[in-house]
Structures are given as structure tokens and as C-alpha cells.
Amino acid sequence: MRANENENEPAAAREVVITRVFDAPARLLFEAYSKPEHVKRWFGPKGWPITLCEIDFRVGGRFRFGMTGPDGNPETPFGGEYLEIVPNRKIVYDNAFELPGAEKMIVTVTYTEKDGGTILTIHTLFASVAMKNEHVGGGYVQGTNEILDQLAELLPSLRAGASAEGAS
């Protein structure tokens with residue numbers, strides 16, 4: 001249990017699960033999540049590009065992202081620690097805004113290959129129902145779906161790059 005997790009609120013009341021099927025192998029989706037040069041191209045809701053992207057992709061490593069809003073002003077950075085990494089299958093990390101006393105969410109991203117594609121599932125466990133409600137009310141689900149749309153748009157170029165590497 002995380003230090004700021006509310007013991008009195010059941011996990012089911014604090015979670016959000018978003019699933020998307022991609023026409024791509026899990027290794028490309030995993031690569032898109034793990035390399036800064038790719039993350040900068042798809043992570044962040046539409047109109048909110050990632051302008052700060054630091055990734056130390058290893059268990060115990062940290063990441064730090066910052067977005068710039070449509071008005072051109074940088075937003076509060078956020079980040080966390082990678083808790084578990086299973087290549088091409090799972091990434092678990094905690095995440096919080098860089099604000100005093102900010103609660104953390106635990107995010108588990110899983111990649112399940114099926115019928116030539118990959119089912120990507122993002123399971124987010126918020127520290128409290130209040131935190132969940134604040135994020136969902138602030139557009140968390142819509143923003144995450146926009147992020148996944150942008151990931152889908154990136155995949156053809158990743159696939160082309162992987163083909164070029166395989167040909168050399």
C-alpha cells in the first residue's frame with residue numbers, strides 16, 4: 001500500500017480502466033511508452049504538447065513530464081517512479097503533480113497481443129475517491145483517449161522505422 005493511499009475507500013471506487021485495441025505488435029506500443037523521442041510525439045491531450053520529457057526507463061528509475069497549454073504557458077510538471085517493467089507486457093509506475101502534498105496514482109499499462117493486434121489497457125488507481133473525481137472531472141478520461149488517438153497516429157512511423165532497422 002502506498003503512503004498516501006486511503007485505506008477506507010475500496011480500490012474499485014478509486015480506479016479508472018481504459019482499453020484500446022491497436023493494429024500493432026505489443027513491442028511497438030511498449031517502445032512508444034519507453035523512449036522519450038516517441039513519448040514527446042504522442043503523450044499529452046490534443047493541444048497540450050509535452051515540452052519537458054525526462055525518462056530513466058528502469059525499475060526504480062524516474063520520469064518527469066511537463067505540458068504546455070494552448071495559451072503557451074507551461075503547466076505544473078508531473079512524474080513518478082517506474083515500479084515494474086516487463087518488456088512488451090507491462091509497465092507500472094506511480095505518478096503525481098509536483099505540488100506539495102500531492103497524492104499519487106498508480107498506473108498499470110498492459111499489452112496483450114491478440115489476433116495480430118494488441119489490447120492496451122491502462123488501469124489507474126487513484127489514492128482517493130476525491131482524487132479520482134478531481135481528475136475525471138478535469139478531463140482525465142477524455143485526455144487519455146486523445147493520447148491514445150495520437151499514439152495510434154504515431155504507430156505507422158514506428159512500424160516503418162522498425163522495418164527499416166530490420167532491413168539493414
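Nothing here was measured: the structure is a model prediction, and the numbers come from that model.
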TODO: Using the six-membered ring wherever Trp is involved, compare the ring planes of F43 and F78 and label them parallel, tilted or perpendicular (cut-offs 30° and 60°).
DONE: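 The rings of F43 and F78 sit tilted, inter-plane angle from 30° to 60°.
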
- [ ] For T124, enumerate each residue passing the side-chain hydrogen bond (donor to acceptor under 3.5 Å, both in side chains) test, keeping only those at least two apart in sequence or located in another chain.
- [x]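 For T124 the side-chain hydrogen bond (donor to acceptor under 3.5 Å, both in side chains) partners, ignoring immediate neighbours, are Y140.
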
For a quick test of reading the model, state the closest non-hydrogen atom pair linking [X] to [Y] and the distance between them.
{"X": "Q150", "Y": "P45", "value": "NE2-C, 4.2 Å"}
{"X": "L28", "Y": "R159", "value": "CD1-CA, 3.7 Å"}
{"X": "G44", "Y": "M67", "value": "CA-SD, 3.9 Å"}
{"X": "L125", "Y": "A11", "value": "CD1-O, 3.7 Å"}
{"X": "A32", "Y": "L154", "value": "CB-CD2, 4.5 Å"}
{"X": "F22", "Y": "L155", "value": "CD2-CD1, 3.5 Å"}

Spatial distance of atom [atom1] ([X]) from atom [atom2] ([Y]) [nearest 0.5 Å]:
{"X": "L158", "Y": "H38", "atom1": "CG", "atom2": "NE2", "result": "5.0 Å"}
{"X": "R27", "Y": "S34", "atom1": "CZ", "atom2": "OG", "result": "12.5 Å"}
{"X": "T76", "Y": "L99", "atom1": "OG1", "atom2": "CG", "result": "5.0 Å"}

Are the side chain of [X] and the backbone N or O of [Y] linked by a donor-acceptor pair below 3.5 Å?
{"X": "D94", "Y": "E81", "answer": "yes"}
{"X": "E84", "Y": "K90", "answer": "no"}
{"X": "R14", "Y": "F126", "answer": "yes"}
{"X": "E9", "Y": "V129", "answer": "yes"}

Open item on the list: Please enumerate all residues that pass ring pair (Phe, Tyr, Trp, His ring centres under 6.0 Å) together with F63, with sequence neighbours excluded.
Closed with: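 Ring pair (Phe, Tyr, Trp, His ring centres under 6.0 Å) check on F63 returns F65, Y82, Y93.
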
Open item on the list: I need the full list of side-chain hydrogen bond (donor to acceptor under 3.5 Å, both in side chains) pairs touching residues 109-120, with sequence neighbours left out, sorted by first then second residue.
Closed with: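 Found none.
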
- [ ] Sort and list the pairs that fulfil side-chain hydrogen bond (donor to acceptor under 3.5 Å, both in side chains) and have at least one residue in residues 62-72, not counting sequence neighbours.
- [x]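 Applying side-chain hydrogen bond (donor to acceptor under 3.5 Å, both in side chains) to every pair that reaches into residues 62-72, excluding sequence neighbours, yields T51-T68, R64-E98, D71-N73.
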
Task: Within residues 126-152 or reaching into it, pairs that qualify as salt bridge (charged side-chain N to carboxylate O under 4.0 Å, His left out) - sequence neighbours excluded - done: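 Passing the test, one end in residues 126-152: R20-D149.
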
TODO: Give every residue pair that meets the salt bridge (charged side-chain N to carboxylate O under 4.0 Å, His left out) criterion with at least one member in residues 44-56, sequence neighbours excluded.
DONE: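 As it turns out, the salt bridge (charged side-chain N to carboxylate O under 4.0 Å, His left out) pairs with a partner in residues 44-56, which skip direct neighbours, are K46-E153, D56-R58.
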
Consider only side-chain heavy atoms of I, L, V, M, F, W and Y, link residues closer than 4.5 Å, and tell whether [X] and [Y] are in one cluster.
{"X": "I122", "Y": "L151", "result": "yes"}
{"X": "V16", "Y": "F97", "result": "yes"}
{"X": "V107", "Y": "V86", "result": "no"}
{"X": "V136", "Y": "M105", "result": "yes"}
{"X": "I119", "Y": "I147", "result": "no"}

Open item on the list: Between Y33 and L120, does the side chain to side chain contact (heavy atoms under 4.5 Å, CB included) criterion hold? Intermediate values first, please.
Closed with: CA-CA 11 Å; Y33 260 88; L120 184 140; 4.0 Å; yes

Open item on the list: Do E37 and R41 make a side-chain contact, defined as non-hydrogen atoms from C-beta onward lying under 4.5 Å apart?
Closed with: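 No - every pair of side-chain heavy atoms lies 4.5 Å or more apart.
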
